Visitor: 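Quick one: this structure, given as structure tokens, is what I'll be asking you about.
The first residue in the sequence is number 1, and the count goes up from there. Scope of the values below: all heavy atoms of this structure, side chains included, with no hydrogens, waters or symmetry mates. If you're wondering where the values come from, they're calculated on a predicted model, not measured in any experiment.
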Amino acid sequence: MKVFIVDDEALARDRLRRIIEDAGEHEVVGEAADGVSALRLIQDVRPDLVLLDIRMPGMDGLEVAGHLAKLDTPPAVVFCTAYDQYAIRAFDVQAVGYLLKPVRREALSGALAKAVRANQAQLSAIGAEMEPATVEAGGRSHLSVKSHRGIQLIPVSDIRYFMADQKYVRVCHAEGETLVDEPLKELEAEFVEDFVRVHRNALIRQELVEALDRDRDGQHYVRLRGVDERIAVSRRSVPALKKQLLKN
């Protein structure tokens, strides 16, 4: 079985690698110190199992598991963490395994022996369980979109606005535009600290508000810093945007 290790602590990664290599039954095909690097490398090496830390700077392990769910053949996941408060959540979503640090040789060997490739439903359940936790913490650090090249990650910090577009939502970000199939209402709830709804079909990043214009018919439009497109504003949203202009 091919194993990939994700942990922001080098000593923890070295310990897991050493235990696996000493046993001689499985192959460590890669490792990463953060969630973004892990997702990129996992798509290249296609491991059967990921040993995944939960508490990491930036993208945590629960978010990584949620993004992995979008792969055609997602790997199995065994969570490794020093914090036992995540155990109930891990078992609720039928994670393949859950190990507390420092990981004991016997415990890791047992988890590897029982591990099988997770099916899409299992990792989708992890993704669903991840959502309330990330909303509570201010939202995901990245959005993920499945394409012919694999999983595309969009840093939330790079997003300028969300625009509903028929069945999808158009995401305007630093690298261009991408369509996602997540409801605008759920995006609004998750990223309420940074984005505000200005129209039934639009969420904008508040700190980018540059100007508020009105045409001859009385329709208001907001201009965002670094964005060419003017975004229509509903009448009820105008007072809040005027206050935001004063802050900016």
Visitor: State whether Asp213 and Arg223 are salt-bridged, where the test is any N-O pair (Lys NZ or Arg NE/NH1/NH2 against Asp/Glu carboxylate O) under 4.0 Å.
Guide: yes
Visitor: Looking only at non-hydrogen atoms, find the nearest pair between Leu52 and Gly61 and report the distance.
Guide: CD2-O, 3.3 Å
Visitor: Contact between Leu143 and Phe191 at the side-chain level, heavy atoms closer than 4.5 Å - yes or no?
Guide: yes
Visitor: Contact between Tyr221 and Asp215 at the side-chain level, heavy atoms closer than 4.5 Å - yes or no?
Guide: yes
Visitor: Does the side chain of Asp8 reach to within under 4.5 Å of the side chain of Pro57, using non-hydrogen atoms?
Guide: yes
Visitor: What heavy-atom pair brings Ala65 and Phe79 nearest, and what distance separates the two atoms?
Guide: CB-CZ, 4.2 Å
Visitor: Drop me the distance from Lys185's NZ to Arg200's CZ, to the nearest 0.5 angstrom.
Guide: 15.5 Å
Visitor: Without placing hydrogens or testing angles, list every side-chain donor-acceptor pair under 3.5 Å for residues 153-162, not counting sequence neighbours.
Guide:
residue : atom : partner : partner atom : Å
Tyr161  : OH   : Arg170  : NH1          : 3.2
Tyr161  : OH   : Glu229  : OE1          : 2.4

Visitor: With side chain to side chain donor-acceptor pair (under 3.5 Å) as the test, would you mind laying out the steps for Ser237 and His199 before giving the verdict?
Guide: CA-CA 7 Å; Ser237 300; His199 198 273; over 6 Å; no
Visitor: Test Asp7 against Glu9 for side-chain contact (heavy atoms from CB on, under 4.5 Å), laying out the working first.
Guide: CA-CA 5 Å; Asp7 198 301; Glu9 298 179 358; 3.5 Å; yes
Visitor: Looking at Glu182 and Arg140, does any basic side-chain N land under 4.0 Å from a carboxylate oxygen?
Guide: yes
Visitor: Less than 4.5 Å apart, side chain to side chain, heavy atoms only: is that true for Pro75 and Asp48?
Guide: no
Visitor: Which pair of non-hydrogen atoms, one from Pro239 and one from Arg236, has the smallest distance, and what is that distance?
Guide: CD-O, 3.6 Å
Visitor: Kindly indicate whether the side chain of Asp60, heavy atoms from C-beta on, has any atom under 4.5 Å from the side chain of Val64.
Guide: no
Visitor: Within a strict 4.5 Å, meaning less than it, do heavy atoms of the Leu108 and Ile20 side chains meet?
Guide: yes
Visitor: Could you report the tightest heavy-atom contact between Ala232 and Gln219, atom names first, then the distance?
Guide: CB-NE2, 4.0 Å
Visitor: Any chain of hydrophobic side-chain contacts (each under 4.5 Å) joining Val192 to Leu184?
Guide: no
Visitor: Would you sort out whether Val78 and Val50 count as a side-chain contact (heavy atoms from CB on, under 4.5 Å), showing the intermediate values?
Guide: CA-CA 6 Å; Val78 172; Val50 176; over 6 Å; no
Visitor: Please list, chain by chain and in numerical order, all residues satisfying salt bridge (charged side-chain N to carboxylate O under 4.0 Å, His left out) with Glu207, sequence neighbours excluded.
Guide: none
Visitor: Could you tell me if the side chain of Ile204 sits less than 4.5 Å from the side chain of Val222, heavy atoms only?
Guide: yes
Visitor: Just checking Asp22: does its CG atom have more than 12 heavy atoms from other residues, nucleotides or ligands closer to it than 6.0 angstrom?
Guide: yes
Visitor: Under the criterion side-chain contact (heavy atoms from CB on, under 4.5 Å), I'd like the reasoning laid out for Leu112 against Met1: C-alpha separation, chi angles, the key distance, then a yes or no.
Guide: CA-CA 9 Å; Leu112 293 175; Met1 182 167 58; 4.0 Å; yes
Visitor: Between the side chain of Asp34 and the main-chain N/O of Val36, is any donor-acceptor distance below 3.5 Å?
Guide: yes
Visitor: When rounded to the nearest 0.5 angstrom, what distance separates CG in Asp181 from NZ in Lys146?
Guide: 11.0 Å
Visitor: Is there a side-chain contact between Leu49 and Phe4, using heavy atoms and a 4.5 Å cut-off?
Guide: no
Visitor: Is the shortest distance from a Lys or Arg side-chain nitrogen in Asp53 or Lys101 to a carboxylate oxygen in the other one below 4.0 Å?
Guide: yes
Visitor: What distance do Ile151 atom CD1 and Leu68 atom CG have between them, rounded to the nearest 0.5 Å?
Guide: 8.5 Å
Visitor: Could I get the full list of salt bridge (charged side-chain N to carboxylate O under 4.0 Å, His left out) partners for Glu106, not counting sequence neighbours?
Guide: Arg104
Visitor: Nearest 0.5 angstrom please: Ile231 CD1 to His220 NE2, how far?
Guide: 15.0 Å
Visitor: Apply the test side-chain contact (heavy atoms from CB on, under 4.5 Å) to residues Val198 and Leu203: give CA-CA distance (whole Å), side-chain angles for both, the deciding distance (0.1 Å), then the verdict.
Guide: CA-CA 6 Å; Val198 295; Leu203 299 175; over 6 Å; no
Visitor: Partners of Arg197 by salt bridge (charged side-chain N to carboxylate O under 4.0 Å, His left out), sequence neighbours excluded?
Guide: Glu188
Visitor: Tell me every residue that passes salt bridge (charged side-chain N to carboxylate O under 4.0 Å, His left out) with Lys242, counting only those two or more places apart in sequence or in another chain.
Guide: none
Visitor: Which value, rounded to the nearest 0.5 Å, describes the distance between Asp14 atom CG and Arg18 atom CZ?
Guide: 7.0 Å
Visitor: Could you go through residues 23-33 and list every donor-acceptor pair under 3.5 Å that involves a side-chain atom there, pairing it with any protein atom two or more places apart or in another chain?
Guide:
residue : atom : partner : partner atom : Å
Glu31   : OE1  : Arg17   : NE           : 3.1
Glu31   : OE1  : Arg17   : NH2          : 3.1
Glu31   : OE2  : Arg13   : NE           : 3.0

Visitor: After noting the C-alpha distance and the side-chain angles of Glu63 and His67, does the key distance pass the side chain to side chain donor-acceptor pair (under 3.5 Å) rule?
Guide: CA-CA 6 Å; Glu63 183 174 348; His67 294 311; 3.1 Å; yes
Visitor: Just verifying a value: how many Å separate Ser109 OG and Ile19 CD1, rounded to the nearest 0.5 Å?
Guide: 7.0 Å
